[in-house]
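For reference, the structure is listed below as structure tokens.
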Amino acid sequence: MKRLTPIQLTKSQAQRFLLYYHGLYGDFEFAGTEGIVSYIRRVGCIQFDPLNVVGMNPELVLQSRVKDFDRSMLRDLLYNERQLIDHWDKNMAIFPVEDWPYFSKFRKKYQAWCAARQSTVDKIYEEIKNRGALFSGDLHFDEKIDWGWGPTRLARAALEGMNYAGLLVIHHKVNTRKYYDLAERHIAEELYCAQEPFQTDEQYYDWNVLRRIGSIGMLWNRPSDGWLGISGMKSPQRNEAFTRLLSGNRIVEIHVEDLEHPLYIRRTDLELLNRALSENPAVERSSILAPLDNMLWDRKLIQALFNFEYRWEVYKPATERKFGYYVLPVLYGDQIVARFEPQQHKSGAPLAIKNWWWEDSISVTIPMKESILDCLERFAAYLGTTFHKNDVAHIFRKRK
């Protein structure tokens with residue numbers, strides 16, 4: 001099969017494609033619960049993180065892309081309609097439930113872990129079967145064992161292990177507390193009992209590489225956080241997967257001016273690329289990005305394309321932080337123009353900005369100011385609160 005001809009893009013065109021791909025360029029592409037599902041199907045998954053300063057990471061991802069996003073929409077899709085599921089992909093993530101069969105290899109590892117603790121697993125299974133959804137505090141398995149980041153109660157480890165093994169799903173959450181129920185009660189039988197779709201390891205790696213390219217939209221074959229969570233895949237397996245995907249014309253090579261390494265998009269996204277390059281937005285929209293936003297998974301790629309260096313510093317000691325504890329990038333049009341540190345939001349309080357940093361090369365225009373104020377108003381509405389324009393006037397001072 002003849003390989004597709006590589007595509008040449010300017011840096012500006014590559015930026016525009018990434019933003020268009022993620023529904024961040026121009027007017028809102030996604031709206032309502034249908035928009036949430038459509039976006040997550042496009043990118044495969046969005047990453048979960050429990051830290052909550054102005055919402056959790058998946059909520060922050062969606063508020064920037066989905067018009068009039070409300071956090072109850074995501075909860076409903078996860079725990080009532082069951083169109084989405086909390087599970088393991090790029091670390092802990094949220095993905096469409098129809099992707100369940102593709103993660104059987106991950107579940108098998110934890111099925112072995114459960115088999116080694118079969119007596120405990122059987123007891124917990126019976127408890128949940130008879131009592132309904134439970135959290136770790138409902139169970140009296142108090143032995144401490146090593147788990148994840150450190151020692152924890154057997155009850156918590158067993159519930160999480162059974163979840164990873166596919167025996168349990170998260171029934172609902174109360175803040176960060178997880179309640180688990182039997183997976184067979186909530187996943188359709190044809191999905192729950194589906195055979196693993198990969199006959200070889202090569203098929204498994206190809207699927208994952210293709211999925212991660214789609215998660216970011218455009219990606220290179222280099223070490224990256226974008227590859228986290230793919231069991232068994234090191235550089236040799238990744239290189240071989242890229243070779244197969246190129247030979248099969250499932251991905252297209254992209255050469256971007258001033259970038260040393262080629263980028264790749266899925267062949268199925270060529271139409272989106274063409275639309276991104278041909279459509280001109282009626283307005284220059286501003287958005288606040290999540291710290292673990294899909295578009296930011298490869299920090300070096302974002303620095304190369306947008307000249308924006310971003311590190312999430314929540315786990316650094318305060319003395320080693322360049323900016324702040326929980327800092328979010330601010331997008332305007334096709335540029336990342338600023339970053340800011342919000343105050344921890346409390347119910348009923350207005351949106352408050354602790355610190356704001358403009359990028360060095362940015363000159364603030366009147367349209368940019370108006371767009372960012374509109375964005376902050378939308379962001380406050382997503383939090384169920386308000387913000388006062390006078391309270392943020394200081395961020396525009398000394399900028400023309």
Side-chain angles (χ1 to χ4, degrees), residues 33-34 36-48 58 74-118 121-122 124-126 128-129 132-133 158-172 178-215 227-233 237 241 244-245 248 250-251 266-268:
T33 55
E34 289 183 3
I36 293 171
V37 175
S38 294
Y39 175 72
I40 295 177
R41 282 181 176 149
R42 177 179 291 179
V43 297
C45 76
I46 55 177
Q47 192 170 345
F48 177 80
L74 181 59
R75 291 195 297 270
D76 190 50
L77 288 167
L78 280 165
Y79 308 125
N80 294 323
E81 295 187 27
R82 301 282 170 181
Q83 292 188 53
L84 304 175
I85 190 168
D86 300 280
H87 208 57
W88 191 269
D89 187 351
K90 198 263 186 180
N91 299 334
M92 283 306 297
I94 293 169
F95 58 77
V97 71
E98 62 259 29
D99 289 349
W100 174 266
Y102 293 92
F103 294 92
S104 59
K105 188 179 292 289
F106 171 82
R107 291 194 294 272
K108 282 178 182 176
K109 293 191 304 180
Y110 285 92
Q111 287 165 7
W113 185 90
C114 288
R117 297 156 183 83
Q118 196 64 57
V121 167
D122 288 344
I124 291 175
Y125 185 93
E126 286 300 313
I128 294 175
K129 182 179 178 180
L159 286 171
E160 290 189 359
M162 293 170 72
N163 174 227
Y164 296 159
L167 299 173
L168 305 177
V169 293
I170 297 172
H171 180 268
H172 68 282
K178 302 173 187 176
Y179 286 78
Y180 296 89
D181 200 0
L182 305 185
E184 63 206 59
R185 288 174 172 165
H186 301 285
I187 297 176
E189 184 177 359
E190 62 270 21
L191 288 175
Y192 187 67
C193 298
Q195 295 296 310
E196 180 177 351
F198 309 118
Q199 297 179 350
T200 65
D201 287 342
E202 287 75 18
Q203 290 176 352
Y204 167 77
Y205 295 132
D206 290 358
W207 182 84
N208 275 284
V209 168
L210 196 64
R211 183 176 179 85
R212 293 305 171 83
I213 292 172
S215 292
W227 308 119
L228 290 175
I230 303 175
S231 179
M233 193 179 82
Q237 291 82 13
R244 289 189 295 270
L245 291 169
R250 300 177 71 189
I251 57 176
R266 299 180 296 191
R267 183 178 183 176
T268 53

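Nearest heavy-atom pair, Val97 versus Leu191, reported as atom, atom and distance to 0.1 Å: O-CD1, 3.7 Å. Closest approach of Asp206 to Leu245, counting heavy atoms only: O-CD1, 3.9 Å. Taking every heavy atom of both residues into account, Arg211 and Gly44 meet most closely at NH2-O, 3.0 Å. Across all their heavy atoms, Pro101 and Pro197 have their closest contact at O-CD, 3.3 Å. Scanning all heavy atoms of the two residues, the minimum distance from Gly132 to Asp181 falls at C-OD1, 4.4 Å. Residues Glu184 and Tyr192 come closest through the heavy atom pair CB-CE2, 4.0 Å.
The shortest distance between side-chain heavy atoms of Lys90 and Ser215 does not fall below 4.5 Å. Between Lys105 and Tyr204 there is a side-chain heavy-atom pair separated by less than 4.5 Å. Taking 4.5 Å as the limit, every side-chain heavy atom of Asn163 sits out of range of all side-chain heavy atoms of Tyr110. Here the side chains of Ile85 and His186 are not in contact, with every heavy-atom distance at 4.5 Å or above. Side chains of Phe95 and Phe103 form a contact here, defined as non-hydrogen atoms less than 4.5 Å apart. Proximity of Ile213 to Arg266: side-chain heavy atoms (C-beta onward) are separated by under 4.5 Å at one or more points. Residues Asn91 and Phe48 form no side-chain contact, since every pair of their non-hydrogen atoms from C-beta on lies 4.5 Å or further apart.
Ring orientation note: the planes of Phe106 and Trp88 are close to parallel, at an angle under 30° on the 30°/60° scale.
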Show your reasoning for whether side-chain contact (heavy atoms from CB on, under 4.5 Å) applies to Trp227 and Met233. CA-CA 8 Å; Trp227 308 119; Met233 193 179 82; 3.8 Å; yes

Given the rule in the side-chain contact (heavy atoms from CB on, under 4.5 Å) test, do Arg212 and Asp89 qualify, once you have shown the distances and angles that lead to the verdict? CA-CA 10 Å; Arg212 293 305 171 83; Asp89 187 351; 3.2 Å; yes

Mind running side-chain contact (heavy atoms from CB on, under 4.5 Å) on Lys129 and Arg185 for me, showing each step along the way? CA-CA 10 Å; Lys129 182 179 178 180; Arg185 288 174 172 165; 4.0 Å; yes

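Using a 4.0 Å cut-off between charged nitrogen and carboxylate oxygen, Asp86 and Lys178 do not count as a salt-bridge pair.
Here the straight-line distance linking atom CD1 of Ile128 with atom CG of Leu168 works out to 4.5 Å at 0.5 Å rounding. Separating the CG atom in Leu167 from the CZ atom in Arg107 is a distance of 10.0 Å, to the nearest 0.5 Å. Taking CG from Leu159 and OH from Tyr164, the interatomic distance works out to 11.5 Å, rounded to the nearest 0.5 Å. To the nearest 0.5 angstrom, Arg82 atom CZ is 10.5 Å from Leu84 atom CG. Taking CZ of Arg244 as the reference point, atom CZ of Arg250 lies at 10.0 Å (rounded to 0.5 Å).
Among the candidates Ile40, Leu78, Ile36, Ile46, the single residue satisfying the side chain to side chain contact (heavy atoms under 4.5 Å, CB included) test with Pro58 is Ile46.
Shown here are the side chain to side chain donor-acceptor pair (under 3.5 Å) partners of Gln203, two or more places apart in sequence or in another chain: there are none.
Within a 6.0 Å sphere centred on CD of Glu126, heavy atoms belonging to other residues, nucleotides or ligands number more than 12. Surrounding CD of Glu34 are at most 12 heavy atoms belonging to other residues, nucleotides or ligands under 6.0 Å away. For CD of Gln118, the number of neighbouring non-hydrogen atoms (other residues, nucleotides, ligands) closer than 6.0 Å is greater than 12.
Checked against a 6.0 Å centroid threshold, the rings of Tyr102 and Phe198 count as neighbours. Checked against a 6.0 Å centroid threshold, the rings of Tyr179 and His171 do not count as neighbours.
The backbone N or O of Trp113 lies less than 3.5 Å from a partner atom in the side chain of Arg117, making a donor-acceptor pair.
Every pair passing salt bridge (Lys or Arg N to Asp or Glu O under 4.0 Å) that includes a residue from residues 158-170 is listed here, sequence neighbours excluded: Arg156-Glu160.
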